[in-house]
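Below is one structure, written out as structure tokens; the observations come after it.
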Amino acid sequence: MRRAVLTVGGTVAGLAALMSFKTHAATTTADATAAAPPPATTTTAPPGAAGSKPSASPSTRAAGGASTGGTASTGGTRTVTGKVASTQYGPMQVAVTLAGRRITKVTVLQQTNTGAESSRIDAMAIPKLTGETLTAQSARIDAVSGASYTSSGYIQSLQSALDQAHA
């Protein structure tokens with residue numbers, strides 16, 4: 001009797017796990033071309049600011065030096081800075097560059113920083129997270145296996161930036 005209960009329980013758990021598995025659609029060359037971000041544009045300094053460059057990090061600083069988020073706009077593109085997401089291994093913060101409603105670039109402003117292992121994980125995970133963001137055009141992306149805290153912080157900050165951009 002015990003074996004039957006364990007067998008049925010294991011089968012149900014296995015089917016539930018299988019049904020919750022998320023697959024990614026295969027992309028064709030035409031899809032990949034359509035999803036590719038447009039080429040980078042150059043910006044010029046605003047009038048009266050001779051020799052100055054636009055800020056690469058358009059965030060405002062709060063007490064204690066924590067970045068609270070903000071926006072910057074040049075022509076048809078704008079950059080929105082997400083809130084700092086605190087993780088077990090340090091802060092994570094991203095800025096999103098948008099052309100209209102399309103995400104064209106994601107820049108990591110702060111990343112986890114608790115040593116060599118954290119740096120190795122970030123070096124592996126952040127490019128994957130950025131690539132998925134550009135493909136999905138939203139914060140609805142999968143976490144990277146082995147980088148749960150980095151993924152969680154990245155997604156939280158990304159969602160914060162997108163919420164600000166679309167508000």
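In what follows, every heavy atom counts, from backbone to side chain, and hydrogens, waters and symmetry copies are set aside.
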| message | Any non-hydrogen side-chain atom of T77 less than 4.5 Å from a side-chain atom of L98? | response | no
| said: For the backbone of V94 and the side chain of S157, can you confirm whether one donor and one acceptor N or O come within less than 3.5 Å of each other? | reply: yes
| message | Main chain of A165, side chain of R78: is a donor-acceptor contact present, judged purely on distance under 3.5 Å? | response | yes
Separation between [atom1] of [X] and [atom2] of [Y], rounded to the nearest 0.5 Å:
X: K105; Y: T79; atom1: NZ; atom2: OG1; answer: 7.5 Å
X: Q159; Y: Q164; atom1: CD; atom2: CD; answer: 11.0 Å
X: S119; Y: M124; atom1: OG; atom2: CE; answer: 12.5 Å
X: Q93; Y: K83; atom1: CD; atom2: NZ; answer: 11.5 Å
X: T11; Y: L6; atom1: OG1; atom2: CG; answer: 10.5 Å
X: Q137; Y: I103; atom1: CD; atom2: CD1; answer: 5.0 Å

| query | Under 3.5 Å, is there a donor-acceptor pair linking the side chains of T97 and T104? | reply | no
| said: For T133 and Y154, which I'm curious about, is there any donor-acceptor pair between the side chains at under 3.5 Å? | reply: yes
| request: Please identify each residue that fulfils side-chain contact (heavy atoms from CB on, under 4.5 Å) with S152, with sequence neighbours left out. | output: Q156
| request: Give the minimum heavy-atom separation between A161 and T81, together with the two atoms involved. | output: CB-C, 4.1 Å
| Which pair of heavy atoms, one from L162 and one from A139, lies closest together, and at what distance? | CD1-N, 3.7 Å
| task | Determine the sole option in I141, T135, L158, V106 for which the side chain to side chain contact (heavy atoms under 4.5 Å, CB included) test with T130 is passed. | result | V106
| said: Applying side-chain hydrogen bond (donor to acceptor under 3.5 Å, both in side chains), can you list everything that pairs with T150, at least two apart in sequence or on another chain? | reply: D122
